[in-house]
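Below: the structure, in structure tokens.
Sequence positions, counted from 1, serve as the residue numbers for this chain.
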Amino acid sequence: MAGGGLRLTWSRRQVLGASLAVLGAGLLETKEASAFGEEGAFNPRPLLTGNARWEGVRTTAPGQWAMELERRTSAPSRRSPKPVRADEPVLLAEPFVLWGGDADIPPLTAREVSGLWRFIALGGILLVDDFAPETGAFTRAVKRELGRVIPEGAAIPIGPENVVFRSFYLMQRAVGRVEGTRELQAIVRGGLPQVIFSAHDLCGALAQGEGGPSVAITPGSDRQRELAIRLCVNIAMYVLCSNYKDDQVHAPFLMRRRASGDDGAPGGARSPGRP
């Protein structure tokens, strides 16, 4: 993996405090800083900018993501993620945020630009999930605005050779509600993906209603939805422990699963890429 065995900057609250001191952020209250990372739980918080609200059929996706992670791995998660705004100090309290949408967005305010810059500077990981990849308007708008946040950052394709595709399941391609491109895109900083772009509508694949999945898969199959969930699990595991080979919490669990050939798929199916 390029960049070596990085341990996620946000994995220790002591590191957060030191980083904030260096940056002179002054945004977190003592209570917030001391609580950060206490449980090391994955929290897929939706990111909001401008007047956006977290609503619609995909609102269940973050909770479902957390539940699938717990069910399939030994990793803890928070099953009721709360939306967070880009200009709120609480943005800096967790290492991950999900920015999803299906259309163009208004320009970020100066406070939103500053908040996102601090989040990324501290090592936070941002997933950009396009709910309407058929048009790509949301992805283009986010890239435009992120150009104001980290002007030096340009997205590049990442595929099966990248740790995101093998942090838990061995994935041969990206997939979501739509098959989309085989690769993800990412802004890589320090040798590791820090902003990940999905043109696959992962939230659409995750969302559940009372009667089952809320959004139809295209072209449509249970297998496609299963692979989309696996990719989400991989992203979560990457956030929790960037270099899973060095992770001391989950390593024994991962080794047992690999030794038994059980990857958590229904019916005991093996991960893609396994013999």
Side-chain angles (χ1 to χ4, degrees), residues 1-29 32-47 49 69 75-78 81 84-99 108 112-129 142-143 145-156 158 162-164 167-168 184-198 232 234-250:
M1 178 181 62
L6 174 77
R7 292 181 183 276
L8 185 59
T9 304
W10 294 69
S11 61
R12 297 290 184 272
R13 54 185 171 177
Q14 296 95 329
V15 174
L16 175 67
S19 299
L20 285 172
V22 171
L23 291 173
L27 290 177
L28 291 180
E29 296 177 356
E32 291 172 325
S34 63
F36 175 80
E38 206 161 340
E39 299 176 4
F42 177 67
N43 189 6
R45 304 173 300 163
L47 176 72
T49 63
L69 178 67
S77 63
R78 296 176 184 170
V84 59
R85 293 196 169 272
D87 57 359
E88 292 180 332
V90 73
L91 173 64
L92 305 185
E94 301 271 358
F96 179 74
V97 74
L98 159 69
W99 196 0
L108 297 176
E112 289 172 335
V113 169
S114 177
L116 285 172
W117 179 84
R118 292 183 187 279
F119 176 78
I120 292 171
L122 284 170
I125 295 174
L126 167 63
L127 172 67
V128 179
D129 188 28
V142 170
K143 286 183 176 180
E145 296 306 307
L146 285 178
R148 300 168 54 204
V149 177
I150 42 174
E152 75 283 4
I156 62 172
I158 59 172
N162 192 274
V163 67
V164 173
S167 58
F168 189 77
L184 297 169
Q185 288 192 333
I187 296 176
V188 177
R189 293 165 59 87
L192 291 167
Q194 196 169 353
V195 181
I196 302 171
F197 296 89
S198 163
C232 290
N234 274 21
I235 292 170
M237 292 297 284
Y238 170 67
V239 171
L240 289 173
C241 43
S242 289
N243 188 346
Y244 70 94
K245 293 178 182 177
D246 291 336
D247 176 56
Q248 298 303 307
V249 177
H250 308 295

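For Q185, the side-chain contact (heavy atoms from CB on, under 4.5 Å) partners at least two apart in sequence or on another chain are K143, A155, F197. With sequence neighbours excluded, the residues satisfying side-chain contact (heavy atoms from CB on, under 4.5 Å) with R85 are L48, D87, E88. Qualifying side-chain contact (heavy atoms from CB on, under 4.5 Å) partners for A236, counting only residues two or more places apart in sequence or in other chains: F42, W65, L69.
Here the straight-line distance linking atom CG of N234 with atom CZ of F168 works out to 8.5 Å at 0.5 Å rounding. How far CD1 of I235 is from CG of L98: 9.5 Å, rounded to the nearest 0.5 Å. For the atom pair CD1 of I196 and CG of N162, the computed distance is 8.0 Å after rounding to the nearest 0.5 Å. Rounding to the nearest 0.5 Å places CG of L91 at 6.0 Å from CG of L116.
Side-chain N or O atoms of Q194 include one that pairs as donor or acceptor with a backbone N or O of G124 at under 3.5 Å. Judged purely by atom type and a 3.5 angstrom limit, E145 uses its side chain to pair as donor or acceptor with the backbone of L108. Here the side chain of R45 pairs a donor or acceptor atom with the backbone of E94 at under 3.5 angstrom.
Minimum interatomic distance between T49 and E112 (heavy atoms only, all atoms of both residues): CA-OE2, 3.4 Å. Residues V239 and P95 approach most closely at CG1-CG, 4.4 Å, considering heavy atoms. Taking every heavy atom of both residues into account, L240 and A41 meet most closely at CD2-C, 4.1 Å. Of all the heavy atoms in G153 and I187, the pair that sits closest is CA-CG2, 3.8 Å. Of all non-hydrogen atoms in P46 and V97, the two that sit nearest each other are C-CG2, 4.2 Å.
Screening V195, D129, L127, V142 against W99 for a side chain to side chain contact (heavy atoms under 4.5 Å, CB included) leaves a single residue, V142.
Counting heavy atoms from C-beta outward, L146 and L126 have side chains that approach closer than 4.5 Å.
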Between F119 and L92, does the side-chain contact (heavy atoms from CB on, under 4.5 Å) criterion hold? Intermediate values first, please.
CA-CA 6 Å; F119 176 78; L92 305 185; 3.9 Å; yes
